[in-house]
Every structure is written in C-alpha cells, then in structure tokens.
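Written out below as structure tokens is the structure these notes cover.
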Amino acid sequence: LEGAHQMLLDHRPVLSLEETGSNIKKLRMEKGISVKELQGLLGFDNPQAIYNWERGRNMPSIDNLLVLSEIFGVSINEIVGKNFLNGFPA
C-alpha cells in the first residue's frame, strides 16, 4: 500500500493557473465573446476575476468552471488543460 500511495503522489494531476488562464482566453476569443460579455454571462459586477483567470493569477471556482464549460461548449478538462488529464498513470 505504501508504494501505491507514493505512486499516486508522484503522478497526481496538477492544475496550472497559466495553462487554465490561457485556455480560457483562447476559448473566449474563439467564441467571439468579449470580457465584458463574459462578465455579464457569469453575473459578475466587474471583469477583474476574468482578467485574473486569463493572466494565470487565480483559478475559477468549480461552479464557474461548470458555467464556462457550458458557455464555451467544452469539458472542464479542456479548460484546465490537457496536462491535467495525463496526471494519473493508466
């Protein structure tokens, strides 16, 4: 059990703020949605959270990731990045 536990620790998926932010910006632009429009769709009072996500400063909450996945028509995994998918050994 100890070896298996260490293997999981060594191969656990890691979320990248930078990759997630880059993906959010890319997906937003591909859909032709402005930051102001996304702000409205998310019900935010100001766009600062979106800019912080796109700059890799903060990670969206899981509820915001769910909404973003619906807006962009992609899975949450596509937003947080492909490296996340490769974290666990097969």
Side-chain angles (χ1 to χ4, degrees):
L1 184 64
E2 199 169 294
H5 183 260
Q6 187 60 46
M7 187 176 82
L8 285 174
L9 288 176
D10 290 344
H11 297 285
R12 69 185 180 275
V14 177
L15 294 174
S16 165
L17 290 172
E18 294 80 14
E19 185 175 5
T20 300
S22 175
N23 289 341
I24 290 170
K25 185 171 187 175
K26 177 182 69 86
L27 291 164
R28 178 180 60 76
M29 294 177 81
E30 285 175 0
K31 289 288 186 181
I33 300 171
S34 71
V35 170
K36 186 79 172 164
E37 290 170 321
L38 188 56
Q39 172 192 334
L41 291 168
L42 291 164
F44 292 171
D45 292 332
N46 62 64
Q48 201 58 43
I50 298 164
Y51 287 121
N52 284 336
W53 297 340
E54 290 187 355
R55 292 178 181 137
R57 293 182 181 157
N58 294 326
M59 182 67 71
S61 64
I62 189 65
D63 56 329
N64 286 325
L65 283 170
L66 287 167
V67 174
L68 289 170
S69 73
E70 289 294 320
I71 291 169
F72 298 145
V74 299
S75 70
I76 290 175
N77 285 337
E78 291 177 78
I79 297 171
V80 298
K82 300 209 181 318
N83 288 337
F84 178 75
L85 294 174
N86 297 327
F88 283 115

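We count residues from 1, following the sequence as given.
L27 has its side chain out of reach of I71: every pair of non-hydrogen atoms, C-beta onward, lies at least 4.5 Å apart. Between L68 and V74 there is no side-chain heavy-atom pair separated by less than 4.5 Å.
Heavy atoms from other residues, nucleotides or ligands lying under 6.0 Å from CG of N46 number more than 12.
Listed by first and then second residue, the side-chain hydrogen bond (donor to acceptor under 3.5 Å, both in side chains) pairs involving residues 67-76 are S75-E78 (not counting sequence neighbours). Within the structure, salt bridge (charged side-chain N to carboxylate O under 4.0 Å, His left out) pairs that include any residue of residues 53-62 comprise R28-E54 (at least two apart or interchain).
The side-chain hydrogen bond (donor to acceptor under 3.5 Å, both in side chains) test applied to S34 returns E37, not counting sequence neighbours. By the salt bridge (Lys or Arg N to Asp or Glu O under 4.0 Å) test, K36 pairs with no residue at all, sequence neighbours left out. Shown here are the side-chain contact (heavy atoms from CB on, under 4.5 Å) partners of M29, two or more places apart in sequence or in another chain: K25. For F44, the ring pair (Phe, Tyr, Trp, His ring centres under 6.0 Å) criterion is met by W53, not counting sequence neighbours.
Put simply, CG on N64 and CG on N58 are 11.5 Å apart, with the number rounded to the nearest 0.5 Å. Note that CG of L41 and CZ of F72 are 9.0 Å apart. Values are rounded to the nearest 0.5 Å.
For the residue pair L15 and V80, the shortest heavy atom distance occurs at CD2-CB, 3.6 Å. Nearest approach of I24 to P60, heavy atoms of both residues: CD1-CG, 3.7 Å.
Checked by atom type and distance alone, the side chain of T20 pairs as donor or acceptor with a backbone atom of S16 at under 3.5 Å.
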